[in-house]
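Comments concern the structure below.
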Amino acid sequence: MLSQIVFYYSWLKELPLAGGTLCRGRHGPCQCRHCVGDLTGCNACGTAHGSCEEVRELASGKIPLTWTYFLCRATVCNGRADLCGRSYGNVTFVGAHDSYAFSKDPLAVARNQRIDIPSQLSMGVRLLQAQSHMWNGEVHFCHTSCLLFDGGTVSDYLAKVKTFLDDNPNEVLTLLFTNPEGLAVDTVWAPIFNSSGIAQMAYVPPSTPVSQSDWPTLGELIQSGKRVVVFMDFNSNTTKVPYILPEFEMIWETPFDATNASFPCTVDRISGPLPQPAHMNLLNHYLDIGVVGVTIPAEFDAFTTNAPPSILAGARACAPLNGGRNPNFLLFDWVDIGNVSGTVELLNGNATVANGGRRYVAGIGYLWGLLMSFYELYEFVM
């Protein structure tokens, strides 16, 4: 038995993975070209490129198949060890509304963000929302009309997302795309996802719709290599493209384009056979203002909209409609203003919004958000 263990260890230490070395320890879904650190406790990987299935194939006949579970087990998920064992349906994610519509030009009134996609992802955004339109023969992300704000092609957008995913193998990411023109998922969307490489990373549930309590854990998604969850608001078809999931059959939303800074909570859009409490939910926590009969994003109000008191109040107001749970997704404009990531960290803690937990921590987050807001306002003016 001892000789077998020595053989297994020696084999694992030298196991090639597409020209590299197999990582052991905190490394995500066996997607390491090389380890940073020693093999018995490495906590970072080189370029991601493989999957646990490749490891199992390499291991065939050399180690017991069940051992590969431990090789593929993630111990840090979305930046936190405690999230690995938590269901995807029981985590709160920071979302960027109209994530493609970024610009530092204050005269670009149709913009919703100040920082680009890589920067949004780097600061903790884990839900990217975007609106699609066919433009000059290609699918673009545009704000109502591509004449108003053209965020570029979906292909270019997904290439940036794929780079982030490759560089961060322990992250679960959600994509929520609106499809107002009803573009076909099989002939228009699927080829774009396939060419980007993201289709191969997209989660396909055993059946749809998926109840809030039936989602796999973040660790399981990472271990499987299927750590991108894709939703579409209109004209999805899981028979033709199983990884593009119908949003409203599994997620209900609060009203969008709110002009009331108190964000009263009501169920705005929902469908499908699941009862409302079995849905996840998305809070549209961004504020618009009316200008000559047209609503535009309220950038300067983001200093309070994106501060902990406003976010926590919105989450608390929706808890009774969400089975007493914290929100699953919070969608923001101007994600780099205020303290959205810190507040979502609070929501992912042990205390629940329903009983108002961790107020002391929220107070610190609020003060920090105010300080950052004053700095960002000074930066913007200067």
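Just so we're clear, the structure is a prediction, and the values are computed from it rather than from any experiment.
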Asn260 vs Ser262, side-chain hydrogen bond (donor to acceptor under 3.5 Å, both in side chains): CA-CA, chis, key distance, verdict: CA-CA 5 Å; Asn260 184 342; Ser262 66; 2.7 Å; yes
When you look at Asp166 and Lys162, which way does the salt bridge (charged side-chain N to carboxylate O under 4.0 Å, His left out) test go after all the steps? CA-CA 6 Å; Asp166 287 346; Lys162 182 62 162 56; 2.9 Å; yes
Arg126 and Glu171: salt bridge (charged side-chain N to carboxylate O under 4.0 Å, His left out), yes or no, with the steps? CA-CA 8 Å; Arg126 292 298 176 267; Glu171 299 293 326; 2.8 Å; yes
Test side-chain contact (heavy atoms from CB on, under 4.5 Å) on Leu282 and Thr254; report intermediate values, then the result. CA-CA 7 Å; Leu282 181 150; Thr254 58; 5.6 Å; no
Could you please spell out the steps behind the side-chain contact (heavy atoms from CB on, under 4.5 Å) verdict for Ser310 and Thr304? CA-CA 7 Å; Ser310 177; Thr304 52; 5.8 Å; no
Check step by step if ring-ring contact (aromatic ring centres under 6.0 Å, His included) holds for Tyr100 and Phe177. CA-CA 11 Å; Tyr100 61 90; Phe177 295 159; 9.5 Å; no
Run the numbers on Phe93 and Leu173 for side-chain contact (heavy atoms from CB on, under 4.5 Å), then give the verdict. CA-CA 9 Å; Phe93 298 95; Leu173 181 66; over 6 Å; no
side-chain contact (heavy atoms from CB on, under 4.5 Å) between Val161 and Ile198, worked out: CA-CA 8 Å; Val161 173; Ile198 290 180; 3.8 Å; yes
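In this structure, the ring of Phe263 has its center less than 6.0 angstrom from the ring center of His285. Aromatic ring centres of Phe332 and Tyr286: separated by at least 6.0 Å. Ring to ring, Tyr243 and Phe231 are not that close: their centroids are 6.0 angstrom or more apart.
Leu287 is not connected to Phe256 by any chain of hydrophobic side-chain contacts under 4.5 Å among Ile, Leu, Val, Met, Phe, Trp and Tyr, and they are in different clusters. The hydrophobic cluster containing Leu148 does not contain Val154, counting ILVMFWY residues as joined when their side-chain heavy atoms lie under 4.5 angstrom apart, directly or transitively. Residues Phe248 and Phe234 do not share a hydrophobic cluster, defined by chaining ILVMFWY side chains whose heavy atoms lie under 4.5 Å apart. Under the 4.5 Å side-chain heavy-atom criterion for grouping Ile, Leu, Val, Met, Phe, Trp and Tyr, Val204 is connected to Met201 within one hydrophobic cluster. Hydrophobic clustering (ILVMFWY, side-chain heavy atoms < 4.5 Å, transitive): Val230 and Phe164 are in one cluster.
Residues Val185 and Met232 approach most closely at CG1-SD, 3.9 Å, considering heavy atoms. Considering every non-hydrogen atom in both Arg227 and Asn168, the closest pair reads NH1-O, 3.0 Å. Listed here is the closest heavy atom pair of Ser132 and Val139: CB-CG1, 4.0 Å. Taking both residues in full, the closest heavy atoms of Val172 and Asn78 are given as N-OD1, 2.6 Å, listed atom of the first, atom of the second, then distance. Of all heavy-atom pairs spanning Ala184 and Thr187, the tightest one is CB-OG1, 3.3 Å. What you find for Pro273 and Pro209 is that their closest heavy atoms are CG-CG, 3.9 Å.
At distances below 3.5 Å, at least one donor-acceptor pair connects side-chain atoms of Gln113 with backbone N or O atoms of His97. Glu249 places no side-chain N or O within 3.5 Å of a backbone atom of Thr208 that could act as its donor or acceptor partner. Looking only at distances, a side-chain donor or acceptor of Ser195 sits under 3.5 Å from a matching main-chain atom of Ile192. A distance-only check finds no donor-acceptor pair linking the side chain of Arg114 to the backbone of Trp334 [under 3.5 Å]. Judged by distance alone, with hydrogens and angles left aside, the side-chain atoms of Asp150 form no donor-acceptor pair with the main-chain N or O of Cys142 at under 3.5 Å. A donor-acceptor pair under 3.5 Å links the side-chain atoms of Gln129 to the main chain of Asp98, judged by distance alone. Proximity of a side-chain donor or acceptor of Asn281 to a complementary backbone N or O of Trp252 within less than 3.5 Å is not detected. For the pair Gln212 (side chain) and Met280 (backbone), a donor-acceptor distance under 3.5 Å is absent. Put simply, the side chain of Asp288 never gets that close to the backbone of Ala258: no donor and acceptor are under 3.5 Å apart. Side chain of Asp116 to main chain of Gln120: no donor-acceptor pair is present (N/O by atom type, distance under 3.5 Å, no hydrogens or angles).
Looking at Phe102 and Phe149, their side chains never come closer than 4.5 Å, going by heavy atoms from C-beta outward. A 4.5 Å side-chain heavy-atom check between Ser99 and Val125 finds every atom pair outside the cut-off. When side chains are defined from C-beta on, Leu175 counts as touching Leu158, because their heavy atoms get closer than 4.5 Å. Leu128 places a side-chain heavy atom less than 4.5 Å from the side chain of Leu121. By the 4.5 Å heavy-atom criterion applied to side chains, His133 and Glu181 are counted as neighbours. Here the side chains of Val229 and Leu245 are in contact, with some heavy-atom distance below 4.5 Å. Using a 4.5 Å cut-off on side-chain heavy atoms (C-beta onward), Cys77 and Asn170 make no contact. At a threshold of 4.5 Å between non-hydrogen side-chain atoms, the residues Thr238 and Pro246 count as touching.
For the 3.5 Å distance criterion, the side chains of His143 and Asn112 qualify, holding a donor opposite an acceptor.
For the atom pair CD of Gln223 and OG1 of Thr217, the computed distance is 6.5 Å after rounding to the nearest 0.5 Å. Summarising the geometry, atom CG belonging to Asn284 is positioned 8.0 Å from atom CG belonging to Asp268; distances are rounded to the nearest 0.5 Å. Note that CG of Asp333 is 11.0 Å distant from CG of Asp336, once rounded to the nearest 0.5 Å. Rounded to the nearest 0.5 angstrom, Thr92 OG1 and Phe329 CZ are separated by 9.5 Å. With rounding to the nearest 0.5 Å, the separation of OG1 in Thr178 from CG in Asn235 is 12.5 Å. The structure places CG of Leu347 at 8.0 Å from CD1 of Ile311, a figure rounded to the nearest 0.5 Å.
A salt bridge links Glu345 with Arg80: the distance from a Lys NZ or Arg NE/NH1/NH2 to an Asp or Glu carboxylate oxygen falls below 4.0 Å. Look at Arg86 and Asp82 and you find a salt bridge, because one of the NZ, NE, NH1 or NH2 atoms lies within 4.0 Å of a carboxylate O, short of that distance.
Classification of the Tyr157-Phe141 ring pair by plane angle, with boundaries at 30° and 60°, yields perpendicular.
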